[in-house]
Amino acid sequence: MALLEVTSLTKTFGQLRALDGIDFAVRAGTFHGLIGPNGSGKSTLLKTIAGAHAPTSGTIRFDGADMTAALPFERARAGLSLKFQITSVFPELSTYDNVLLALQSRDGLPSLLGSRTRRTLDGEAMAALDRFRLADRANDLAGELSHGQQQWLEISLALTSRPKLLLLDEPTAGMSPEERRVTGELLRPIRSHCTLVIVEHDIDFIKNLCDHLTVLDQGRVLDEGSVEQIERSIKVREVYTSRV
């Protein structure tokens, strides 16, 4: 059974049909890549799944439940987390406090107001930073981190809610080749407890990370399959390689 199942999903913005009858499914325990030319609907699909956009029509089922009309916080509580393309860390807080705040938010407003959980959550906060090679930057302001490190911090924040499914929108955009390589290394271990859907333009990065690929073009599914199947797809080569 699919962890995520999208059926006949359509999203329009005025006269623009950004998603045009998308059928899309993701199995639990897999890393699933979304690729396609610019403007093909990849980011719109992620945002609609996460609830940032309301679908015009179609259905979204997550972990067996109908989430089509669910609010973003309801989807988050069900185990769905989205990291947007643009980083949104708190630059004036330390790297450590960014993670601590995310951990405290799991327990609601009283925890945030009282900050009584700092000592209790210290080990978890440092472990989260260590997993993304940020432990030595714990006391530095998040705004002082490099672009790549800020991306790693935000992925770490997205994982503090212990999601069943993490949606990543171009997490390596603006990174150096070395930062992209390290990002792949940092993401692989989460497979043991979190399914991943990732939008990327770096084809080598996504091929080395994902089990399954879905190719979008003009708001529709052009093709899907294993990395090897997509590499052999004539229609993908004809459309995707000419427009990325």
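The chain is numbered in sequence order, starting from 1. Quick caveat: nothing in here was measured; it's all calculated off a predicted structure. Note: hydrogens, waters and symmetry copies are ignored here, and every other heavy atom, side chains too, is used.
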Q: Walk me through it: do His212 and Phe31 pass the test ring pair (Phe, Tyr, Trp, His ring centres under 6.0 Å)?
A: CA-CA 7 Å; His212 198 88; Phe31 280 8; over 10 Å; no
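Under the 4.5 Å side-chain contact rule for hydrophobic residues, Leu145 and Leu141 do not share a cluster.
Taking both residues in full, the closest heavy atoms of Leu186 and Ile190 are given as O-CG2, 4.3 Å, listed atom of the first, atom of the second, then distance. In this structure, Ile206 and Leu34 approach most closely via the heavy-atom pair CD1-N, 4.0 Å.
Using a cutoff of 4.0 Å between basic side-chain nitrogens and carboxylate oxygens, Arg237 and Glu231 are not scored as salt-bridged. We find that Glu185 and Arg133 are joined by a salt bridge, their nearest charged nitrogen and carboxylate oxygen being less than 4.0 Å apart. At a threshold of 4.0 Å, the pair Arg181-Glu178 counts as salt-bridged, since one of the basic side-chain nitrogens sits closer than that to a carboxylate oxygen.
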Which atom pairs, donor and acceptor, lie under 3.5 Å between side-chain atoms of residues 94-101 and protein residues at least two apart or in another chain?
{"from": "Ser94", "atom 1": "OG", "to": "Asp97", "atom 2": "N", "distance (Å)": "2.9"}
{"from": "Ser94", "atom 1": "OG", "to": "Asp97", "atom 2": "OD2", "distance (Å)": "3.4"}
{"from": "Thr95", "atom 1": "OG1", "to": "Arg137", "atom 2": "O", "distance (Å)": "3.1"}
{"from": "Thr95", "atom 1": "OG1", "to": "Asp140", "atom 2": "O", "distance (Å)": "3.1"}
{"from": "Tyr96", "atom 1": "OH", "to": "Asp122", "atom 2": "OD1", "distance (Å)": "2.7"}
{"from": "Asp97", "atom 1": "OD1", "to": "Arg118", "atom 2": "NH1", "distance (Å)": "3.1"}
{"from": "Asn98", "atom 1": "OD1", "to": "Phe90", "atom 2": "N", "distance (Å)": "2.9"}
{"from": "Asn98", "atom 1": "ND2", "to": "Phe90", "atom 2": "O", "distance (Å)": "3.0"}
{"from": "Asn98", "atom 1": "ND2", "to": "Ser94", "atom 2": "O", "distance (Å)": "3.0"}

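A distance-only check finds no donor-acceptor pair linking the side chain of Thr10 to the backbone of Thr56 [under 3.5 Å]. The closest donor-acceptor contact from the side chain of Gln150 to the backbone of His147 lies at 3.5 Å or more, if one exists at all.
Considering only residues two or more places apart in sequence or on other chains, Asp63 meets the side-chain hydrogen bond (donor to acceptor under 3.5 Å, both in side chains) condition with Lys164.
Interatomic distance, Glu5 CD to Ile60 CD1, rounded to the nearest 0.5 Å: 11.5 Å. Rounding to the nearest 0.5 Å places CD of Glu228 at 4.5 Å from OG of Ser226. The structure places CG of Leu4 at 13.0 Å from CZ of Arg27, a figure rounded to the nearest 0.5 Å.
By the 6.0 Å and 45° rule, Lys11 stacks over the aromatic ring of Phe13.
Other members of the cluster containing Leu71 are Phe73, with ILVMFWY side chains joined at under 4.5 Å, either directly or via other members.
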